[in-house]
Enquirer: 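Okay, handing you the structure first.
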Number of protein chains: 2
Amino acid sequence: MTDFKTRLNQMIDKLKANQHRITPQRMAVLKILATSKGHPSVEKIYEQVKRLFPTTSLATVYKSVALVKEFGEVLELGFTDGSNRYDGNKPYPHPHLVCTECRTIMDPSLSALADMTHELIQETGFKITNHRLDFFGICPECQKK
Amino acid sequence: MTDFKTRLNQMIDKLKANQHRITPQRMAVLKILATSKGHPSVEKIYEQVKRLFPTTSLATVYKSVALVKEFGEVLELGFTDGSNRYDGNKPYPHPHLVCTECRTIMDPSLSALADMTHELIQETGFKITNHRLDFFGICPECQKK
DNA sequence: TTGATACAAATAATCATTATCAAATTAAAT
DNA sequence: ATTTAATTTGATAATGATTATTTGTATCAA
């Protein structure tokens, strides 16, 4: 089975297991979240869903995204400028690399982060439950321009 | 000179150098930003300013904070839940440790972050201009309860 | 002191997100 | 297949933090 179908089924199972229905609109949102590599915004998801179901309301997309978020099946990335982006592929905390020119968001691999977290726990006595790490900059493409 | 006065003077100089006036209300906001170790919100700043100048408008506080932010003299920490907090002591990017119970925000020292940034630049070719690193958890005090 | 400009206060506007609610749809039971 | 009870949708209103607007006031340099 493809990777995205595994993710999709995981989302569906999670909803079904909690007495939530899989409607066509909701399924469309789930598919987009499971497929998109580009960390889409609600508006972007809305645009795509409307192609399949033109009468879909923006509120429905918000509610569907909130639902999968509630069950930990999507990662919400809120930014200071108000834009929220979503990652349904890796719904757990991980670092992001944001190009401030073209708004592309990438997932760099930074293995040292785990060590840093452990160091932090040792030093502060905190029980760490979550984290957020974003780097902002200009991607190679945008630097050329 | 005390540390906070140095910070305060730096803020004042930056504003004056850019043809901005130091009004009593604005001075009060600057002092709070330079003094507070607790990463205050706009509302918290507003409360304090009103003690000195009861007629102060919330909009004035927003504008004052936005002004010092414009000149890089305060660090804005926007959170997903909509709450914005400000750091006038260290107005440059640095890691934060947030207790999700009592909303206390601390500044842990994580020297490994610089190495991680360099590694990222090597691997991606990005020109890194900014970053944001937050750890969320329960502080030792709140764990006792 | 004056004059030009910036600023403060009060309030209206904005905009992303959330809440509301009647009508439609769903999944399960008969 | 129908029925049924609950959930979901779609349209729209409400929310709330932040920003813009406006008018009168305070500031600073000459």
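Residue numbering restarts at 1 for every chain, and letters A, B, ... go by the order of the sequence lines.
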Enquirer: If I take atom CG in residue A:D81 and atom P in nucleotide C:dC15, what distance separates them, rounded to the nearest angstrom?
Expert: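 Rounding to the nearest Å, CG of A:D81 and P of C:dC15 are 14 Å apart.
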
Enquirer: Using a cut-off of 4.0 Å on non-hydrogen atoms, how would the nucleic acid contact of A:P24 be classed: base, sugar-phosphate, or nothing?
Expert: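 Result for A:P24 = sugar-phosphate.
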
Enquirer: How long is the line joining CD1 of A:I45 and P of C:dA16, in whole Å?
Expert: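 Taking atom P of C:dA16 as the reference, CD1 of A:I45 is at 15 Å.
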
Enquirer: With sugar-phosphate meaning primed atoms plus P, OP1 and OP2, does B:T55 contact a base, only sugar-phosphate, or nothing at under 4.0 Å between heavy atoms?
Expert: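 Sugar-phosphate contact only - B:T55 comes under 4.0 Å of backbone atoms but never of a base.
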
Enquirer: So what does A:Q25 hit on the nucleic acid, given a heavy-atom distance under 4.0 Å: a base, only sugar-phosphate, or nothing?
Expert: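 Here A:Q25 touches the backbone only, sparing every base.
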
Enquirer: With heavy atoms of chain B within less than 4.0 Å as the criterion, where does contact along DNA chain D begin and end?
Expert: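 Span of nucleotides near chain B: D:dA17 to D:dT27.
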
Enquirer: Would you say a side-chain N or O of B:H20 is under 4.0 Å from OP1 or OP2 of C:dC7?
Expert: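 Yes.
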
Enquirer: Enter the distance from A:S36:OG to A:R85:CZ here, rounded to the nearest 0.5 Å.
Expert: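 Separation between the atoms: 10.5 Å.
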
Enquirer: Between B:R26 and B:F53, is NZ or CZ placed under 6.0 angstrom from the six-membered ring centre and within 45° of the ring axis?
Expert: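 Verdict for B:F53: no cation-pi partner in B:R26.
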
Enquirer: Between B:F53 and B:Q19, just flag the one whose closest nucleotide in DNA chain C comes earlier from the 5' side.
Expert: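 Its nearest nucleotide being more 5', the pick is B:Q19.
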
Enquirer: Report which part of the nucleic acid B:A59 touches: base, sugar-phosphate, or nothing (heavy-atom distance under 4.0 Å, all strands).
Expert: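 Base contact.
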
Enquirer: Closer than 3.5 angstrom, by distance alone: can the side chain of A:R7 be matched with the main-chain N or O of A:E73 as a donor-acceptor pair?
Expert: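 Yes, the answer is positive, given that a donor and an acceptor are paired below the 3.5 Å cut-off.
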
Enquirer: May I have the distance from A:R85 (atom CZ) to C:dT17 (atom C1'), rounded to whole angstrom?
Expert: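 Going from CZ in A:R85 over to C1' in C:dT17 covers 17 Å.
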
Enquirer: Measure the acute angle between the ring planes of A:H131 and B:F135, then classify it against the limits of 30° and 60° as parallel, tilted or perpendicular.
Expert: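 It falls in the tilted class, 30° to 60°.
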
Enquirer: Side-chain N or O of B:T23 less than 4.0 angstrom from OP1 or OP2 on C:dC7?
Expert: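 False: B:T23 side-chain N/O out of range (4.0 Å or more) of C:dC7 OP1/OP2.
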
Enquirer: Using only atom types and a distance under 3.5 Å, with no angle test, would you say the side chain of A:Q143 pairs donor to acceptor with the backbone of B:G125?
Expert: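 Flag set: sc A:Q143 to bb B:G125 pair under 3.5 Å.
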
Enquirer: Could you work out which one of C:dA6, C:dA8, C:dT26 sits closest to the side chain of B:R21?
Expert: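 So the nucleotide nearest the side chain must be C:dA6.
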
Enquirer: How do A:V42 and B:T56 order along DNA chain C: which one's closest nucleotide is nearer the 5' end?
Expert: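 Residue closer to the 5' terminus by nearest nucleotide: B:T56.
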
Enquirer: Within this structure, what is the CG-to-P distance between A:L58 and C:dC15, rounded to whole angstrom?
Expert: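 To the nearest whole Å, that distance equals 15 Å.
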
Enquirer: Can you work out whether B:K16 or B:Y62 has the more 5'-proximal nearest nucleotide on DNA chain D?
Expert: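 Comparing both residues, the 5'-ward one is B:Y62.
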
Enquirer: With distance as the sole test, does B:Q25 use its side chain to make a donor-acceptor pair with the main-chain N or O of B:V49 at under 3.5 Å?
Expert: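 Not at all, since once roles are kept as given, no pair shorter than 3.5 Å links the two residues.
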
Enquirer: Pick the closest DNA chain D nucleotide for B:E43 and for B:I22 by heavy atoms, then say which residue is nearer the 5' end.
Expert: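 Result of the comparison: B:E43.
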
Enquirer: Using 30° and 60° as the class limits, which term best fits the ring planes of A:H94 and A:H39: parallel, tilted or perpendicular?
Expert: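 Tilted.
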
Enquirer: Return the value, rounded to whole Å, for the distance between atom CD of A:E76 and atom P of C:dA16.
Expert: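 My rounded result for the distance is 15 Å.
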
